[in-house]
Asker: 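Let me give you the structure first, and then I'll get to my questions.
Since the model is a prediction, treat every value here as computed from it, not as a measurement. Just so it is clear: chains get the letters A, B, ... in the order the sequence lines come, proteins before strands, and each one is counted from 1.
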Amino acid sequence: MNAIILSALAGVVMMLSGIFTNKQSVIKLVSIIALLVLITGNVLQTYGHCSIQIDTKNLLAFSKAGLYFNTLIFISTFVYFILSGKAIEKAGVNVAEYFALIFFVLCGVSILTSFNGLLMFFLGIEILSIPLYILTGSDKRNLKSNEASLKYFLMGSFSTGLMLMGIALVFGATGNFSLNATGQKTAYDVLNAGILAPVGLLFIFISMLFKVSAAPFHFWTPDVYDGAPSVFTSFMSTIVKAAGFYAFIHLFETKSYDLGPSWKLLLTFAIVLTLLVGNITAIFQHSVKRMLAYSSISQAGFMLFSLYSSNTLAKEGIFIYTVAYSFATIGVFAILIYLKDYTFDGYNGLAKTQPVLAFTNTVFLLSLAGIPLTAGFFGKYFMLASAVKAGAPLMLVIVAVLFAAISVYYYFKVIQAMYFKQGDAELNDNVPTSFKTALIAIAIVIILIGIFPSTVLNWLYF
Amino acid sequence: MIPVLLIFIPVFAGLISFLLKNERTVKGWALVSSLIVLATSIGAITTNNPASTLFDATWLPSLGARFTVSLDGMSKMLVLLTAVAFTLVFVATNKNEYKHTAAFYGLMLLTQAGLMGVFLATDCLLFYFFWEFALIPVYFLCSIWGGKKRIAVTFKFFIYTFVGSLFMLVGILYLYFLTPDQSFSLNSFYSLKLTLTQQCNAFLLFFIAFAIKMPIFPLHTWQPDAYEQSPTATTMILSGVMVKMGLFGVIKWLLPIVPLAINRYAMPVMILSVIGVLYASLIAIKQDDVKRLIAYSSIAHIGLMCAAIFSQKNIALEGVLIQMFNHGINVIGLWIVANAIEQQLGTRKLSELGGLAVTAPKLAILTVIMAFANVALPLTNAFIGEFLMFNGIFQYNIWLAAVAGISIILAAVYTLNMVQKIFYGNTVTATEKAIDIDNNVFLSLSITAVLILVLGVFPQPLIDLTKSAVHLLFVK
Amino acid sequence: MPIQYYIYLALTLFTIGIIGVLTRRNAIIIFMCIELMLNAVNLLLVAFSKMHNGIALVTNKDSMVGIDAQLFVFFIMVVAAAEVSVGLAIIVMMYRNTHSIDVNFLNRLKN
Amino acid sequence: MGITQSLFWFLSVLALVAALMVLLSKNPVHSVLWLIVVFFAISGHYILLNAQFLAIVNLIVYAGAIMVLFLFVIMLMNPNTETEPRKNFLVQIAGIVAGGCLLTVFISLVKQASEMNNKTALLKTGNIGLIGNLGKALFSDFVVPFEISSVLFLSAMVGAVVIGKKN
Amino acid sequence: MSKIIYLVPLFPLIGFLINGLGRKFLSKPLISIIASGAILASFIVSVLLFINVKNTGSISAAYFDFINFANVVIPFAFQIDQLSSLFLLIITGIGFLIHLYSSAYMHEETSHHYARYFAYLNLFVFSMLLLVMGANYVIMFIGWEGVGLCSYLLIGYWFKNINYTYAAKKAFVMNRIGDLGFLLAVFWLINKLGTVAYVDVFANVSKLSQADITIITTLLFIGAMGKSAQIPLYTWLPDAMAGPTPVSALIHAATMVTAGIYMIARSNILYTMAPQTQAFIAVIGLATALFAASIALKQDDIKKVLAYSTVSQLGYMFLGLGVGAYTGAVFHVMTHAFFKALLFLGAGSVIHAMHHEQDIRKMGGLKKYLPITHITFLLGCLAIAGVPPFSGFFSKDEILTAAYAKNPLLYYFGMAGALMTSFYMFRLYALTFLGKFRGTHEQEHHLHESPLAMTIPLLVLAALSVVGGFIGVPEVFKADSHWLEHFLSPIFAQSAALTESHHLSHSTEYTMIGTSTALILVTIIFAWKKFSNYVPNEGENEGFNKLLANKWYVDELYNSIIVKPIELFSGLLKNVIEKNVIDGAVNGVGKLVVASSRQLRLIQNGQVGSYILIMVVFIIVFLFAWINDLTIVRFFNKLF
């Protein structure tokens with residue numbers, strides 16, 4: 001509860017701070033402090049010191065896992081603020097509002113990690129989404145940003161409609177919105193006894209596939225990620241997406257939420273298609289930003305494995321994956337924002353002019369590609385391991401790794417441009433030392449997690 | 001404790017190397033480090049004390065993976081090979097000029113650490129880690145310091161091997177969940193009781209990785225390109241040590257775990273290997289580029305080793321183990337020659353060379369020794385390995401041995417072709433002003449030559465070193 | 001009234017909304033069609049709420065079963081209102097820049 | 001067929017026809033008006049179902065506030081243009097076919113849904129739709145979502161400001 | 001005595017090392033002293049060993065385990081018995097003479113190359129010694145390949161001439177073809193018997209099936225074909241004449257090429273038990289003898305004539321082996337070593353005098369300029385022609401007699417070959433030494449007899465060629481006079497026990513000897529007359545002659561049916577299969593991915609409407625899949 005309230009409050013504070021000061025660095029500072037307070041509050045609650053006790057009437061249920069996930073998300077946001085804070089300042093005039101919206105998103109995330117019924121789930125998703133529609137369109141003069149925003153909004157609302165239809169059908173079949181109660185009612189074999197509940201779940205499932213940008217409901221992703229201001233793409237494609245996944249798993253982890261035998265089939269279909277679309281389409285991109293958008297689709301394909309296997313390994317995996325993926329993507333975007341030219345050629349020769357940027361970017365990209373010794377490897381490792389453990393057909397796992405290999409192709413294109421190609425990568429701005437330090441720190445964290453993922457896992461079991 | 005030293009000395013040396021500024025300091029530093037590792041590895045082969053040959057520490061308790069590294073006969077030998085190879089390479093290429101010298105040597109040393117890890121790990125996940133760890137520095141080495149087409153070629157190499165290792169990762173997971181104690185340790189894997197289907201699944205998943213790494217026909221096309229385009233120092237490591245990873249993997253991580261599957265797939269794999277042996281030999285005959293020629297020759301040799309492993313005869317396996325070492329030494333010798341020629345004359349084309357024996361007699365003589373080691377002449381080290389391997393293949397299937405035997409004729413053809421075109425005849429424009437090799441190359445080639453002859457006459461120490469390992473593999 | 005009728009009605013309205021989204025190009029009309037979909041859901045929820053309430057009333061005269069669905073409808077309306085404010089703001093912004101609200105006009109971002 | 005039934009059918013047909021007209025109208029203003037008709041029909045259904053509060057809210061919020069907002073926006077943009085150039089005919093056909101298929105699948109599913117057999121929606125009776133009961137529930141059991149929806153509004157507000165404010 | 005065995009190969013090895021490593025520092029006289037001294041030392045030790053063996057029987061010594069793994073134990077061991085001690089004497093003895101000869105013959109070389117030359121020679125002797133001293137087939141194989149290596153090095157000694165290096169390569173590769181057969185035989189032995197030591201193999205020969213023995217012997221014989229230049233692997237030997245002449249004398253006449261004979265004689269028991277292989281050997285040997293002799297008839301290069309003559313004589317030896325006359329074959333090895341070394345050295349002397357002119361058509365009348373060479377060469381010719389009582393007569397007679405006993409047809413063909421031999425040898429002799437000098441004036445001006453270091457070996461070898469035959473006087477002349485047969489009997493005892501010896505009647509033998517001698521003499525006189533006043537004639541190489549002069553076009557045949565197709569095939573593999581098919585497949589996968597990427601991204605067309613349409617379609621698909629889930633699941637289960 002701390003997280004929800006504090007993040008909402010932080011949002012309000014940020015909103016108001018815009019009135020009192022115009023100094024953007026102050027606003028940024030306030031936001032970082034607010035975030036730290038938020039983290040502290042959440043950690044306190046994790047260890048049983050809930051300062052605000054509210055009876056949620058069983059609408060919210062705070063689990064350890066959810067709180068840990070909150071912390072992870074907040075830390076990722078912290079990293080995001082550190083690395084991209086400057087870019088947020090430059091994104092437009094309404095800096096305070098941007099921060100406020102980000103905090104509202106975090107509020108949505110906190111709800112999504114603790115919902116105990118479809119109502120809160122729905123509200124969480126909406127609180128998560130609405131600020132994003134705005135952040136996407138925040139570069140008002142830019143037609144691409146406008147377009148992205150409208151596309152996102154229209155398609156997002158459409159998927160909300162689908163989700164609501166699903167919820168209504170589930171309610172019709174069970175008379176309940178609660179996860180637990182619904183569970184009891186549908187614990188029998190849905191094939192024989194009911195149709196509306198599974199169909200409803202199918203709708204929710206589809207809308208969640210949409211939210212986590214899994215194929216064939218991914219179409220919004222490339223356009224939106226490409227059109228949105230880079231700094232917010234970074235936020236959307238990492239923190240928000242991870243939260244979406246957590247909600248997705250949280251929603252479907254109870255066995256009773258079963259769509260029947262075809263459940264796995266549909267999921268398999270979605271996984272393969274997502275990997276296919278994400279990886280294959282990413283290859284032909286010229287813009288690194290758009291490539292990253294597709295790559296985020298392909299990463300979603302991997303993350304879907306956690307849903308497929310839905311065992312403890314999968315849950316551990318989604319944590320590691322979140323950290324690995326978020327840190328790396330935030331880093332890559334933070335560097336991308338500094339570049340003048342977002343195409344692959346824009347990276348040519350970066351290693352010569354900016355060795356630190358090039359090196360850290362390499363670490364991030366290796367992590368995204370899932371090369372061992374980086375956190376990304378363990379992310380993928382857990383996903384595959386959980387799938388194998390859950391008895392997935394080996395073919396599926398093999399397909400996944402083949403696509404992982406394909407993904408190397410486009411990630412390494414960036415590395416090749418930076419290190420092996422001639423050119424002078426032009427930057428927008430001078431790169432401050434603090435930024436470089438932060439990058440190195442995060443690269444080190446990624447490598448450390450890549451070597452000792454147990455440190456993160458042990459903390460989960462603490 | 002020794003295994004840990006073997007891995008971490010190069011790691012630290014490599015990291016420090018990145019920070020060094022002066023070119024000569026870096027070279028000296030790398031050489032010193034490789035000598036220390038060599039000394040350690042000599043210590044390793046002489047000790048049998050379990051306290052010093054085994055190191056075990058918690059790594060990822062929740063996954064069932066431990067940091068377990070240990071030395072057995074086979075790894076002792078390969079560790080020695082790695083240590084010797086790097087020392088030789090550093091000595092031989094000491095005069096080569098590299099931009100960003102510090103980074104080059106740093107990456108080389110990291111590669112060494114990775115290779116050591118592969119040979120020492122007795123935990124499968126750790127093995128996989130080192131497997132990849134060895135690859136990444138090589139990717140950068142080849143892409144930054146390689147030839148004209150380096151980027152595309154190295155990338156192909158990387159993707160190719162990466163695909164393979166991902167298959168292996170799936171295989172590792174597959175076996176991992178079959179182990180009763182959910183552990184990655186070699187012993188758990190060895191204690192697996194698998195059905196034939198399970199063995200075949202695991203075999204196929206692992207073998208793709210190993211087959212690509214070796215490489216066996218028809219998965220070999222990355223190799224000549226990669227060898228040709230890489231900086232020679234890296235090529236030496238690639239072909240001298242790195243290709244042994246695949247063979248090592250099959251022997252250590254497949255043979256004892258999935259014997260039934262090995263038996264079932266023995267024939268097709270051996271046929272492929274033998275085809276590859278002849279195929280590569282025939283192509284080598286037509287090669288004009290020294291590096292490509294050596295590359296194809298290496299493919300042929302590796303193919304034979306692969307066939308020998310799948311004959312599942314302990315004599316052949318012993319041969320393979322010995323040959324891994326010997327082939328490593330020999331092929332590095334050949335690369336040193338290729339490097340010496342390229343560095344001095346600026347060309348590797350046989351058609352542009354000739355008569356070098358007139359101007360560089362020392363190089364000529366040493367090359368002839370390497371060449372005859374390459375054709376496995378008796379009293380050179382390669383003979384012993386090939387003799388034992390052929391014996392094993394022969395026991396498995398006479399016709400395969402006979403067909404594979406054709407390669408000893410073809411090997412003579414292409415190797416002597418190379419020697420002839422480089423050294424014999426009258427000097428041509430490229431070789432007119434050549435001078436004989438410098439002391440570094442001479443020293444490293446001499447060491448190689450001495451190793452070739454000594455191990456060719458007294459192979460028994462090497463056999464004794466690895467005997468027990470072979471025995472254990474078949475006991476399981 | 002048999003519940004099926006309501007289901008049919010709601011689903012038909014829902015589908016009409018979807019067809020509208022698929023066939024129209026005017027962003028505002030599309031948005032309206034989405035609102036239509038939401039209303040179909042609302043109707044269905046209320047019908048279901050009354051259905052469950054009816055079942056519960058048999059055993060308990062003061063049963064409040066099904067009230068949550070009606071509240072859900074309330075929240076849907078809340079969300080819809082919020083969405084409308086944001087959505088219309090976006091459409092207006094779009095219109096300001098391009099003087100068009102044709103969604104087919106939106107194709108700078110593709111491939 | 002009693003009056004309730006007649007009303008049900010009337011409202012249903014009205015809703016469907018109006019919904020179709022939303023699609024078919026060329027002029028967006030007409031679409032808005034037809035949509036309002038749909039809302040009225042649905043509110044009628046709510047009343048039939050004895051959900052009086054929702055009926056009112058639906059009228060006030062939807063038909064009143066939201067639709068007026070829509071109208072404003074449309075007017076703002078240019079009421080006179082004979083709006084959009086029609087969509088590609090094929091795309092339209094595809095859309096209709098897809099929608100038709102979806103509807104068919106829906107109907108067949110509902111037909112198979114035997115668990116819904118013999119279940120009825122209670123008309124005209126029942127008190128859960130009464131404002132008092134709803135209010136009680138809203139401020140006791142559902143206070144958390146109620147409060148949280150304020151965050152939603154807040155963010156929507158901030159958003160509208162961010163988007164709408166002229167730089 | 002067994003303690004000094006290792007000294008025999010050690011001296012040449014030391015000589016090799018000193019000369020090889022010190023080639024920059026040593027002076028030419030020192031080099032030749034070291035090299036020759038090493039061989040002389042070996043010779044002395046060999047003589048000691050020979051005496052020892054003669055008195056006390058065979059001795060052996062094992063040094064270390066060469067390979068010891070599981071049940072395969074291959075010690076590095078030497079075995080000196082009658083056969084090997086005889087070969088030791090030949091190798092070191094003739095080797096020494098040739099070293100001595102070389103020290104003068106090669107004097108034009110720089111000291112650097114001079115040392116290289118002697119190092120190679122010493123290495124060759126070392127390898128040859130390993131070959132004959134080894135106590136098992138693997139050690140023999142080491143020497144076997146070692147002599148191949150040295151042959152390669154020595155043929156290509158003048159490496160600046162690229163054609164010589166081609167000849168060297170050809171020699172090595174052809175030898176390797178044979179070596180493969182040898183190696184496979186070794187594997188077969190290991191596989192069947194678990195041992196390769198002669199003692200064990202011969203003791204356990206009964207454990208081998210008939211088929212095994214036939215295959216093993218055939219494979220070993222294939223090895224011998226390569227090394228001893230038999231059809232079809234003989235073409236390297238004439239080409240090997242590219243090396244310095246003493247090398248030809250040593251390697252390609254006296255020692256290395258007889259390795260095949262040695263090996264078969266050594267394995268006589270196996271061959272005796274494989275009559276099919278024996279028949280095969282006899283036929284190949286005879287065919288080679290005739291074929292090579294026919295080519296020698298029309299060769300104009302002095303060394304080529306001798307080379308084909310060597311091939312031909314080796315054919316005789318194999319004929320002897322094939323008909324079971326092991327002693328005869330070994331005997332012929334020995335006598336052949338004497339006279340062929342003599343002839344080659346004589347030829348070398350001629351070439352030396354002629355300033356590297358080798359074409360006999362441009363010689364003539366050298367009798368008066370090179371008296372010693374002339375006399376010794378004539379003696380050599382008489383010996384090889386088989387004129388009694390020169391050494392060749394005895395050994396050849398023994399083989400032909402045995403052949404007659406086996407099958408008279410073999411004898412007749414063998415006799416025809418012998419006649420050809422005498423014809424081409426005396427053609428050679430006549431063209432070189434008789435008639436008028438046909439070279440340039442400058443050459444004539446410089447003609448002179450060779451120095452002492454060259455003539456002494458000639459004289460020694462001439463003496464041996466003349467008297468060497470008396471160690472094997474046929475029984476028909478005097479009972480128990482065949483000392484060699486007596487000496488070697490322990491080696492062949494096991495075989496002898498298996499074969500009933502059918503002696504020819506004395507009268508038949510006398511008839512045969514008489515006829516053959518008469519025919520040979522007639523041929524010699526004919527050749528003498530025909531060529532003693534030879535005038536070059538343009539049109540002489542027409543028709544059949546042309547065929548012979550061009551060596552039956554065998555090289556061309558091999559080139560077109562083996563070498564060219566292989567070249568073409570490798571070219572095909574390299575340029576088409578590798579590039580397009582295999583690598584093409586790999587790159588094709590990459591291209592496919594990129595191409596599909598190009599297509600797939602078009603779905604992302606930027607239109608919200610189509611996005612939603614696709615979504616709706618997939619919703620329908622999902623619903624459908626769900627309705628029919630069981631069917632689909634079953635379908636997929638079947639699929640995987």
Asker: Report which part of F423(B) has an atom under 4.5 Å of a heavy atom belonging to chain E: side chain, backbone, both, or neither.
Answerer: backbone
Asker: Which answer fits D225(B), side chain, backbone, both or neither, if we ask what part of it has an atom under 4.5 Å from a heavy atom of chain E?
Answerer: side chain
Asker: Going from CD1 on I409(B) to CG on L180(E), what distance comes out if it is rounded to the nearest 0.5 angstrom?
Answerer: 5.0 Å
Asker: Just verifying a value: how many Å separate I190(E) CD1 and L388(B) CG, rounded to the nearest 0.5 Å?
Answerer: 8.0 Å
Asker: Are F141(E) and F387(B) close enough that their ring centres sit under 6.0 Å apart?
Answerer: no
Asker: If I measure from the heavy atoms of chain E, does L219(B) come under 4.5 Å with its side chain, its backbone, both, or neither?
Answerer: neither
Asker: How many angstroms lie between OG1 in T165(E) and CG in L416(B), if you round to the nearest 0.5 Å?
Answerer: 10.0 Å
Asker: If I compare all heavy atoms of V358(B) with all of K160(E), which pair ends up nearest, and what's the gap?
Answerer: CG2-CE, 3.6 Å
Asker: I365(B) vs R23(E), test: side chain to side chain contact (heavy atoms under 4.5 Å, CB included). Steps then yes/no.
Answerer: CA-CA 12 Å; I365(B) 289 164; R23(E) 64 191 193 287; 3.1 Å; yes
Asker: Return the orientation label for the F372(B) and Y152(E) ring planes: parallel under 30°, perpendicular over 60°, tilted otherwise.
Answerer: perpendicular
Asker: Heavy atoms under 4.5 Å from chain E: which residues of residues 460-467 of chain B carry them?
Answerer: Q460(B), I463(B), K467(B)
Asker: Counting N and O atoms only, with roles assigned by atom type, does the side chain of R176(E) sit under 3.5 Å from a partner on the main chain of V375(B), one being a donor and the other an acceptor?
Answerer: yes
Asker: Among pairs that include at least one residue of residues 570-585 of chain E, which meet side-chain hydrogen bond (donor to acceptor under 3.5 Å, both in side chains), considering only residues two or more places apart or in two chains?
Answerer: K156(B)-D583(E), H220(B)-E578(E), T221(B)-D583(E), Y279(B)-E578(E), Y296(B)-E578(E)
Asker: Measuring from L377(B):CG to F172(E):CZ, what's the distance to the nearest 0.5 Å?
Answerer: 5.0 Å
Asker: Identify the heavy atoms of E318(B) and F69(E) that sit nearest to each other, and give their distance.
Answerer: OE1-CE1, 3.1 Å
